[in-house]
> 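Pasting a structure here, questions to come.
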Amino acid sequence: MQKKYTINVDISINSGQVFLWRKYQDYWYGVNGQNVLRIDNLGKIKSYQNKSIDFFRNKDNTDQIIKSISKDKVTKNSVKKYFGLRLMDQDPFQCLISFIVSSNSNIPKIKQSLECICARFGDKIKFDNKEFFLFPTPEKLSQASIFEIKKCGVGYRAKFIKEAAKVVVLKKIDFEELRKTNYSEAKKHICKIPGVGNKVADCVLLFSLNKLESFPLDRWMIKILEKYYLDEFKIMTKTITEKQYEILHEKIVKHFGPYAGFAQQFLFKMERENYKKKWL
DNA sequence: CCAAGGCCTGAATG
DNA sequence: ACATTCAGGCCTT
């Protein structure tokens with residue numbers, strides 16, 4: 001009998017999905033929207049809001065998913081090496097703003113900007129005798145001045161942040177609704193948000209809207225595909241246009257199947273570790 | 001449909 | 001000490 005697929009919390013948190021996390025002794029603490037989560041090394045969660053949350057997607061049949069994405073040597077190796085890596089189901093608004101901030105940036109910088117945004121616009125709370133700033137509500141961010149948002153070092157993205165928050169407040173985008181719609185429909189809607197292109201949209205869909213076939217293609221993933229999957233995907237250009245992104249995504253889903261997003265996370269983790277890139 | 005350049009910041013390199 | 005390069009994705013032309 002094969003060992004059931006468990007959770008490796010360290011690996012999961014250090015995989016580029018989340019930014020507002022820190023470790024105190026044996027627990028990871030992380031901001032997730034209006035909630036703060038405390039996670040032990042088995043993945044057991046206690047939350048500030050005291051409500052249960054399937055943050056690690058335990059309802060998935062993960063054993064089957066892992067089997068399904070293990071189509072080739074590369075994924076098989078990364079699945080083995082990073083055993084316990086999970087996709088996390090995040091607060092959608094925080095996820096959206098996080099990945100708008102992420103564009104044209106890097107992980108340490110993203111983390112710093114987001115922490116500043118929380119401290120400046122989020123509510124201060126106490127949990128486990130520690131202080132945290134919650135992520136700001138859409139209302140709060142939609143009313144913030146661009147000048148104030150810029151103080152968090154987000155530069156030209158400040159107006160995207162404000163506009164994105166407005167879109168959410170005005171219910172032009174409804175996360176609950178998007179969770180139920182299919183991948184391409186949901187993507188069409190989310191790409192209308194200022195500052196959201198293909199890559200950011202796929203991150204939001206994968207990490208907070210339950211779209212497991214989305215496969216965010218950033219510079220790293222392109223590099224990875226060129227390096228290990230040249231025969232399969234034949235990437236010809238350095239800059240990926242919208243059309244090419246779409247075609248490439250179709251090929252990817254054909255190769256990895258409906259849970260391609262899981263494969264993306266393993267490959268990303270693997271290559272960033274190879275290059276010893278910083279996580280949090 | 002595609003190509004090129006601008007937007008911002010901070011770390012790394014010269 | 002200072003200047004340049006680089007990383008990074010979206011938007012406009």
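In this text the structure is predicted, and so the values were computed from the model without any measurement. Residue numbers start from 1 in every chain, and the chains themselves are labelled A, B, ... in the order their sequence lines are given, proteins ahead of strands.
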> Give the nucleotide from the list dC7(B), dC10(C), dC2(B) with an atom nearest to the side chain of Y156(A).
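So the side chain of Y156(A) is nearest to dC7(B).
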> When we call it a touch if two heavy atoms are under 4.0 Å apart, what does V196(A) touch: a base, just sugar-phosphate, or nothing?
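Sugar-phosphate contact only.
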> Would you say Q17(A) and S15(A) are linked by a side-chain donor-acceptor pair, where the criterion is simply a distance under 3.5 Å?
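Yes, Q17(A) and S15(A) have a side-chain donor paired with an acceptor closer than 3.5 Å.
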> Without decimals, in angstroms, what is the distance between F99(A) CZ and dC10(C) C1'?
16 Å
> Please compare A201(A) and N106(A) by the position of their nearest nucleotide in DNA chain C and report the one closer to 5'.
N106(A)
> Is it the case that one hydrophobic cluster holds both W220(A) and L267(A), taking links as side-chain heavy atoms less than 4.5 Å apart, direct or via other members?
yes
> Measure from the side-chain heavy atoms of K243(A) and tell me the nearest of dC8(B), dG9(C), dC2(B).
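Of the candidates, dC2(B) comes closest.
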> In whole Å, I'd like the distance from the CD atom of E163(A) to the P atom of dC10(C).
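The answer, rounded to whole Å, is 17 Å.
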> Between K187(A) (NZ) and dC10(C) (C1'), how many Å, whole number?
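Spelled out: NZ on K187(A) to C1' on dC10(C) is 13 Å.
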> Is P194(A) touching bases, backbone alone, or none of the nucleic acid, heavy atoms closer than 4.0 Å?
sugar-phosphate
> dC10(C) phosphate, OP1 or OP2: any side-chain N/O from R157(A) under 4.0 angstrom?
no
> Measuring from the side chain of V200(A) (C-beta onward, heavy atoms only), which nucleotide among dC8(B), dG10(B), dC10(C) has the closest atom?
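It is dC10(C).
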> Go through dC11(C), dA3(B), dC1(B) for me and flag the one nearest to the F160(A) side chain.
dC11(C)
> Output the rounded distance in Å from NZ (K151(A)) to P (dC8(B)).
17 Å
> Select one nucleotide: of dG9(C), dC2(B), dG10(B), the one nearest the side-chain heavy atoms of T241(A).
dC2(B)
> Expressed in angstrom and rounded to an integer, what is the separation of I222(A) atom CD1 from dA7(C) atom C1'?
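Checked: the CD1 to C1' distance equals 15 Å.
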> Can a salt bridge be assigned to the pair K46(A) and D128(A) using a cut-off of 4.0 Å between side-chain N and carboxylate O?
yes
> Report the distance from atom CE of M221(A) to atom C1' of dG9(C), rounded to the nearest whole Å.
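My rounded result for the distance is 16 Å.
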> May I ask you to evaluate whether S105(A) reaches the phosphate of dT9(B), defined as a side-chain N or O under 4.0 Å from OP1 or OP2?
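Looking at the OP1 and OP2 atoms of dT9(B), neither is under 4.0 Å from any side-chain N or O of S105(A).
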> Treat each ILVMFWY residue as a node, draw an edge where side-chain heavy atoms are under 4.5 Å apart, and state whether I247(A) and F215(A) are in one component.
no
> Whether K159(A) and E163(A) form a salt bridge (side-chain N of Lys/Arg under 4.0 Å from carboxylate O of Asp/Glu) is what I want to check.
no
> To the side chain of K109(A), which of dC8(B), dG10(B), dG9(C) is closest?
dG10(B)
> Heavy atoms from C-beta onward define the side chain here; which of dC10(C), dC8(B), dG10(B) lies closest to that of K199(A)?
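The closest nucleotide is dC10(C).
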> Write down the distance between CZ (R272(A)) and P (dA7(C)), rounded to a whole number of angstrom.
12 Å
> Nearest whole angstrom, please: distance from the P of dT9(B) to the CD1 of I161(A).
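To the nearest whole Å, that distance equals 12 Å.
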